[in-house]
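What you see below is based on every heavy atom in this structure, not just the backbone, and it leaves out hydrogens, waters and symmetry mates.
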Protein chains: 2
Amino acid sequence: MILKSQVEWALHCCAILAGLPKGRYLSTKALAEFHGVPKEYLSKALQSLSQAGLVHTTLGPSGGYRLARTPDELTFLDIVEAVEGKARTFVCNNIRANNPCRPQGYCESAPCAVARVMWEADEAWREKLRSVQLSDLIDTLAKEVPAELWKKSFEWVLERAG
Amino acid sequence: MILKSQVEWALHCCAILAGLPKGRYLSTKALAEFHGVPKEYLSKALQSLSQAGLVHTTLGPSGGYRLARTPDELTFLDIVEAVEGKARTFVCNNIRANNPCRPQGYCESAPCAVARVMWEADEAWREKLRSVQLSDLIDTLAKEVPAELWKKSFEWVLERAG
DNA sequence: GCAAATAGGGATATCGTTTATCCGTAATAG
DNA sequence: CTATTACGGATAAACGATATCCCTATTTGC
C-alpha cells in the first residue's frame with residue numbers, strides 16, 4: 001500500500017505556489033521542469049487540486065495555477081485527499097457475513113469491529129495530516145534550505161510566473 | 001491507496017485462532033470456509049503470519065495454525081505489518097533534488113521536509129494499530145456478537161480443530 | 001482579428017501490484 | 001501406507017498507477 005507519487009508532486013507544487021506574489025500564476029510546464037517530473041502527468045495532479053478547489057487557474061499565455069487560500073488555510077490533508085481521494089485505506093468486505101453458523105437473513109447492527117479499529121487508525125493518519133498546514137512546511141523549508149538556493153529558486157519561479 | 005484484502009482476512013483469522021483451546025490447530029481449509037474466501041489465496045496470508053512468527057503451524061491431518069502468543073501480546077500492527085509489510089506508505093522520491101537552481105553535487109543534509117510530515121502521519125497510523133491488542137478485539141466481539149452465534153461459531157471451529 | 005500558450009478532458013498504452021489458481025514437495029497423523 | 005496438511009514456486013488474470021497523446025476552449029499579446 002503506497003501513496004501515489006502524485007501526492008508528493010502536489011505537496012511540492014503547493015509549496016512553490018505558496019511563494020508566488022499575490023495574483024501571479026505558475027504554469028504546469030514550469031512546475032514540471034522545476035521538479036523534474038513529466039508535465040502531462042503532473043497536469044493530472046494539478047487538475048485534481050483544481051477540482052478540489054485548492055487552487056485557481058487561468059488560461060492562455062501567462063496562465064497557470066495559484067493557491068485558492070492562504071498557506072495557513074491549507075492542510076496536508078487537503079492536498080493529500082485532493083489527489084488520493086477521501087476513501088478510507090481499509091475496505092471492509094464484511095466477511096463475517098460468510099460465517100456458516102449465521103442465521104439466514106441476519107442483518108448486522110454495527111460496522112464490523114475489525115473495520116472500526118482499522119478506520120480509527122485511518123482517522124489518526126488523517127488527523128495528523130490535518131494538523132499540519134502548508135505554512136508550517138514553508139516555515140520549515142525557510143529554515144532548512146540554504147539561503148542562496150532559496151533565493152535562486154524564488155527568482156527562477158518569478159521569471160516564469162505570469 | 002487501499003490495504004490488501006489479505007489484511008482483513010488475517011485479522012479475522014487471528015480472532016478465530018484466539019478462541020482455540022491451548023494446543024489445538026485450525027487448518028487453512030476451515031478458516032477459508034468459515035470466512036468464505038479462497039483457500040489457496042488465504043494460505044498466502046497465513047504463511048505471512050507464520051513467517052512473521054505470529055502463528056505456529058503443524059503439518060499432516062489435524063494440522064493447521066494456532067497463535068504463537070497470547071491475544072494480549074498480539075497487536076493489530078503485528079498482524080497488519082505481517083501481511084502488508086513494514087514499508088512506509090509514503091515513498092520520497094526526493095524530487096527537490098531536481099531543482100534546476102541546485103548547485104552541482106549538492107548533498108542533502110536531512111530527509112525532505114515533505115516526507116518527514118508524511119512519515120509522521122504514517123507513524124500515527126501505526127501507533128494507533130500498535131495500541132490495539134487482539135484481546136481487545138475479542139472483548140468487543142464477545143459483547144457484540146449474539147450469544148447464540150458466538151456459541152455456534154465456537155462449536156463449528158472446535159469440530160474442525162485438530 | 002490572429003498566433004501562441006495555456007488548462008482541461010478523453011483516449012490509449014505500459015507497467016507493477018493485487019488477486020487467484022495450480023502444482024510439487026516435505027511432513028505428519030491415523 | 002494413505003490421506004491430509006503447510007509451504008513455496010510458477011503462472012495468469014484483473015486492476016490501478018503511471019505516462020503519453022490529442023483535441024477543445026480560453027486567454028494573452030501583438
Phosphate OP1/OP2 of [N]: any [X] side-chain N/O under 4.0 Å:
{"X": "A/Thr28", "N": "C/dA7", "answer": "yes"}
{"X": "A/Ser50", "N": "C/dG8", "answer": "yes"}
{"X": "B/Gln51", "N": "D/dG8", "answer": "yes"}

### Task
Kindly indicate whether the side chain of A/Ile79, heavy atoms from C-beta on, has any atom under 4.5 Å from the side chain of A/Leu49.
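Yes, at least one pair of side-chain atoms sits under 4.5 Å.
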Atom pair distance, as rounded to whole Å: [atom1] in [X] and [atom2] in [N]:
{"X": "A/Leu49", "N": "C/dG8", "atom1": "CG", "atom2": "C1'", "result": "14 Å"}
{"X": "A/Leu59", "N": "C/dG9", "atom1": "CG", "atom2": "P", "result": "11 Å"}
{"X": "B/Lys29", "N": "D/dA3", "atom1": "NZ", "atom2": "P", "result": "14 Å"}
{"X": "A/Tyr25", "N": "C/dG8", "atom1": "OH", "atom2": "C1'", "result": "16 Å"}
{"X": "A/Leu31", "N": "C/dG8", "atom1": "CG", "atom2": "P", "result": "12 Å"}
{"X": "A/Gln47", "N": "C/dG9", "atom1": "CD", "atom2": "P", "result": "5 Å"}
{"X": "A/Leu46", "N": "C/dG9", "atom1": "CG", "atom2": "P", "result": "12 Å"}

#### Entry: Among B/Val83, B/Val55, B/Leu31, the one residue meeting side-chain contact (heavy atoms from CB on, under 4.5 Å) with B/Leu46
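With B/Leu46 as partner, B/Val83, B/Val55, B/Leu31 yield a single side-chain contact (heavy atoms from CB on, under 4.5 Å), made by B/Leu31.
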### Query
Who passes ring pair (Phe, Tyr, Trp, His ring centres under 6.0 Å) against B/Phe34, sequence neighbours left out?
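Scan of B/Phe34 (ring pair (Phe, Tyr, Trp, His ring centres under 6.0 Å), adjacent residues dropped) gives B/Trp156.
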#### Entry: Per-nucleotide protein contact string for nucleotides 17-24 of chain D (B base, S sugar-phosphate only, - none; heavy atom under 4.0 Å)
SBBBBB--
### Option from B/Lys86, B/Arg126, B/Arg130, B/Arg69 for which salt bridge (Lys or Arg N to Asp or Glu O under 4.0 Å) with B/Asp78 holds
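By the salt bridge (Lys or Arg N to Asp or Glu O under 4.0 Å) criterion, B/Asp78 pairs with just one of B/Lys86, B/Arg126, B/Arg130, B/Arg69: B/Arg69.
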### Task
Identify whether any heavy atom of B/Gly162 sits under 4.0 Å from a base atom; if not, whether one sits that close to sugar-phosphate; answer base, sugar-phosphate or nothing.
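Since no nucleic acid heavy atom lies under 4.0 Å of B/Gly162, the category is nothing.
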### Task
Pick base, sugar-phosphate or nothing for B/Tyr65, based on heavy-atom distances below 4.0 Å to the nucleic acid.
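The answer is sugar-phosphate, as B/Tyr65 gets under 4.0 Å only of primed atoms, P, OP1 or OP2.
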### Upstream residue (5' side of DNA chain C) when A/Ser27 and B/Thr58 are each assigned their closest nucleotide
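Looking at the nearest nucleotide for each, A/Ser27 comes out on the 5' side.
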### Message
Return whichever of A/Ser62 or B/Gly64 has its heavy-atom-nearest nucleotide of DNA chain D closer to the 5' end.
### Response
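In this pair, the answer is B/Gly64.
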### Message
Quick check against the 3.5 Å criterion: does B/Asn93 have a side-chain atom that pairs as donor or acceptor with the backbone of B/Ile95?
### Response
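A pair under 3.5 Å: no.
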### Message
Once salt bridge (charged side-chain N to carboxylate O under 4.0 Å, His left out) is applied, do any residues pair with A/Arg66, and if so which ones, sequence neighbours excluded?
### Response
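Testing A/Arg66 for salt bridge (charged side-chain N to carboxylate O under 4.0 Å, His left out), a comparison that skips the adjacent residues, returns none.
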### Query
Does A/Arg96 come within less than 4.0 Å of B/Glu144, counting only side-chain N to carboxylate O?
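Judged by the 4.0 Å cut-off on N to carboxylate O distance, A/Arg96 and B/Glu144 do not form a salt bridge.
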